[in-house]
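Basis for what follows: all heavy atoms, side chains included, without hydrogens, waters or symmetry-related copies. Both ligands and their constituent atoms are indexed starting at 1 by order of listing. Worth saying up front: this structure is predicted, and the values here are computed from it rather than measured.
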Amino acid sequence: MTQTVQTLLILGASGDLAARLLMPAFGQLVQERPGEHVRLVGAGSEEWTQARWRKAVRASFAAAGASGPAVERVLAETVYLSADVTNPDDLTRLLEKCEGTPAIYFALPPAISALACKALEKVDLPAGTQLALEKPFGTDRRSAAALNTQVLKLVPEDQVQRIDHFLGRSTVLNLLGLRFANRIFEPLWSAEHIASVDIVYDEQLALEGRARYYDKAGALIDMIQSHLLQVLAVLAMEAPASIDAQDLRDAKATVLRATRVWNDDPTTSSRRGRYLAGEIDGKKLPAYAKENGVDPALKTETLAEVTFEIENWRWAGVPFTLRSGKALGVRRREIVITFKAPQHLPHGLHGKIEPTVLRLQLAPDAMSLELNINGPGDPHEIDRSVLSADFGPGQLQAYGEVLSGVFDGDPSLSVRGDTAEQCWRIVAPVIAAWKADKVALDGYRAGSNGPSKWKPIG
Ligand code: NDP
C-alpha cells in the first residue's frame, strides 16, 4: 500500500508553475490539514539563497491566503538546493533532504522531466515515492509510451500521477454529482436525446511571455489534447461503480479508446487560427507572430477547434466539438449540451421551439438549463426560460485538489498511462493534417471571437 507523503520535492521550484500555481495550492493544503507534518524541498538549476527561496514560498502562500501555525512550520523548515535534476548524484542529494515518503513533482520543461526520470533509475527511491509529472506527457504517442515505460521502471503505476489540474477543478467533480446523483439527466445522456456537445475554453489572455513553451505546443496540444479530452471523458463515460482510481479511470479509458476525429477526416473536422494585432479591455496586443520568442514559421495556432465522435452505443452520431483559444474578446469556459428537438408539439401550442440546452460553466462554477415553457401573456405561446444555479467555489483550488491526491497516494484525479497515450492517438491525425498544411491557418483579430468566417459553436 502507498504511504502518505511527508515531503513535497519540487524539481523546477524556481519556475512559473511552482510559484504561481503549485506552491499557493500547497500552502492552502497545509492550512487545511494542520495535523499533518509535511515538508517542502525546492530544487532549481539557479543558485538561490535560502532567504530568497523562503521569500518566494512566503509570497506564493500569501497569494493563496494561506496562514497559520502549520504554514509557518513549513516556511521555517523548507530548504532550496541548486541542482542539475538530470544528474543522479544531485537527485540523491535532494532525496536525502526529504523526510518520510517523498512526492517528487516534476515542474520542469517536458524534455528535462524525461531526462530526470532516466537519471532516477540510478537512484534508490524510498518505498512509496510518488512521481507527479506535468503535462504535456510526451510529445506524441510514441514518446508518451516511452516515458510510461521509463517511469514504470521507477515506481508502480498507482504511484505515478500524470497531472491534469482540470480534473481537480470543482466543475469536473460537479459533473459526477450532476450526472450520477440525479435521476433526471442520466436517462437522457445519450445519442437518443442529445444532438451535440461543445466544450469551450476561450481565454482573453494572450501569450503572456510564455513563447518558450507555447510556441512548440499551440492550442491543440496545450488545451485539447490534455485538458479538454479529460473533460470529454468524464462527461461521456459510463457510470463507474465507484470513483476510486480504478473504476473512475477504467471508465474514462474505455470512452477515450472509442473516441476519434469526426468522420476520420481532420481536414473537415478541425479548424485552426492565430491571433493578429488587436485590443482586449483597452490593452493593445501585437500579432502572435510578432510576440517575443515566437517563430512565425512554426505556424503555431492560438485557437483550435476539433470535432470528435465517440464510436459506441451511447454516443455514435453525436458531434463533440472541443475548442480553445487565446486573445479572444470574451472569456468563455463552458460545456454546452444541446438536446434534440421534442418529438411532437401538441397542436395549438405555437412559438419558436429552440432545443433544450444545459450549460455548465467552469470557474466560476455554475449551470443553467434553457427550457421552452408557456411564459407570460398568451398561454399558448412558447417562451424561453432559464433555470440557473451557482455551484460556489470548491474548498481547494484545482492544484490543491490534485496535490491532495498526490499526498494521499490516490491517483483517481490523475491521468493513467494508457489514457495519456490514447489522448495523443486521438489528436494525431489533426497534428499530421496541420503539419501538412491541409487545414488553413486563419487569422483573427485579438479581442474578436475568432476568425469571422467560422460558424460559432454552442
Ligand atoms: P519554467 O520554464 O518557468 O520553469 C522550469 C523550471 O525548470 C525552472 O525552475 C528551471 O530552473 C528548471 N530547470 C530546467 N532545467 C533544469 C535542470 N537541468 N535542472 C534543474 N532545474 C531545471 O516552466 P513552467 O514552470 O511554466 O512549466 C513547468 C512544467 O509545468 C511544464 O511541463 C509545463 O508544461 C507545465 N505547466 C505549466 C503551467 C504554467 O502555467 N506555467 C500550467 C500547466 C502546466 P532554472 O530557472 O533555475 O533554470
Side-chain donor or acceptor of Asp247 paired with backbone N/O of Pro240 under 3.5 Å: no
Geometric N/O contact Ile112 with ligand 1, under 3.5 angstrom: no
Structural part of Tyr213 in contact with ligand 1, heavy atom criterion under 4.0 angstrom: side chain
For Pro109, atoms of ligand 1 separated by under 4.0 Å from a heavy atom: 5 (C), 7 (O), 14 (C)
Option whose closest heavy atom lies nearest to atom 42 (C) of ligand 1, chosen from Leu94, Asp222, Ile221, Leu17: Leu17
Under-4.0 Å protein heavy-atom contact, atom 45 (P) of ligand 1: yes
Heavy-atom nearest neighbour of atom 28 (C) of ligand 1 within options Ala43, Ala107, Ala19, Gly44: Ala107
Thr86 N/O to ligand 1 N/O under 3.5 Å: no
Proximity winner for atom 10 (C) of ligand 1, if only heavy atoms of Ala83, Ala13, Ala119, Ser14 are counted: Ser14
Identity of the nearest option to atom 39 (C) of ligand 1, non-hydrogen atoms only, from His227, Glu46, Arg210, Arg212: Arg210
Identity and distance of the protein heavy atom lying nearest atom 26 (O) of ligand 1: Asp16 CB, 3.6 Å
Numbered atoms and elements of ligand 1 in range of Pro136, under 4.0 angstrom, heavy atoms: 34 (O)
Parallel, tilted or perpendicular: rings of Tyr399 and Tyr105 (30°, 60°): tilted
Pairing of Asp198 and Arg333 as salt bridge, 4.0 angstrom limit: no
Check: Val85 N/O within less than 3.5 Å of ligand 1 N/O: yes
Close approach, His165 and ligand 1, non-hydrogen under 4.0 angstrom: no
Glu421 and Arg416 ion-paired at < 4.0 Å: no
Atoms of ligand 1, numbered as shown, that sit under 4.0 Å from any heavy atom of Arg20: 39 (C), 40 (O), 41 (N)
Lys326 charged N/C atom sitting above Tyr214 aromatic ring, 6.0 Å / 45°: yes
Subset of ligand 1 atoms that lie under 4.0 Å from at least one heavy atom of Tyr399: 43 (C)
Atom 48 (O) of ligand 1: nearest protein contact (heavy atom, Å): Ser45 OG, 2.4 Å
Sidechain N-carboxylate O distance under 4.0 Å for Asp408, Arg33: yes
Arg274/Glu301 ion pair, N-O < 4.0 Å: no
Numbering as shown, the atoms of ligand 1 that approach Gly12 to under 4.0 Å (heavy-atom distance): 6 (C), 7 (O), 9 (O), 12 (C)
Ring geometry between Trp48 and Trp53 (parallel below 30°, tilted from 30 to 60°, perpendicular above 60°): tilted
Separation of Lys252 NZ from Leu235 CG (nearest 0.5 Å): 12.5 Å
NZ/NE/NH1/NH2 to OD/OE distance under 4.0 Å, Arg249 and Asp244: no
Residue and atom name of the nearest protein heavy atom (relative to atom 4 (O) of ligand 1), distance in Å to one decimal: Gly15 CA, 3.3 Å
Residue portion contacting ligand 1 (non-hydrogen atoms closer than 4.0 Å) for Tyr214: neither
Trp315 and Phe320: CA distance, side-chain angles, deciding distance, ring pair (Phe, Tyr, Trp, His ring centres under 6.0 Å) verdict: CA-CA 9 Å; Trp315 292 115; Phe320 282 73; 5.2 Å; yes
Residues Arg93, Glu96: salt bridge by 4.0 Å N-O rule: no
Nearest-contact summary for atom 33 (C) of ligand 1 - protein heavy atom, Å: Lys135 O, 3.6 Å
Sidechain N-carboxylate O distance under 4.0 Å for Asp202, Arg331: no
Check ion pair Glu72-Arg58 (N to O, under 4.0 angstrom): yes
Protein heavy-atom partner closest to atom 18 (N) of ligand 1 - residue, atom, separation in Å: Asp84 OD1, 3.3 Å
Heteroatom proximity flag, Leu108 to ligand 1, N/O under 3.5 Å: yes
Residue part near ligand 1, for Glu134, under 4.0 Å between non-hydrogen atoms: side chain
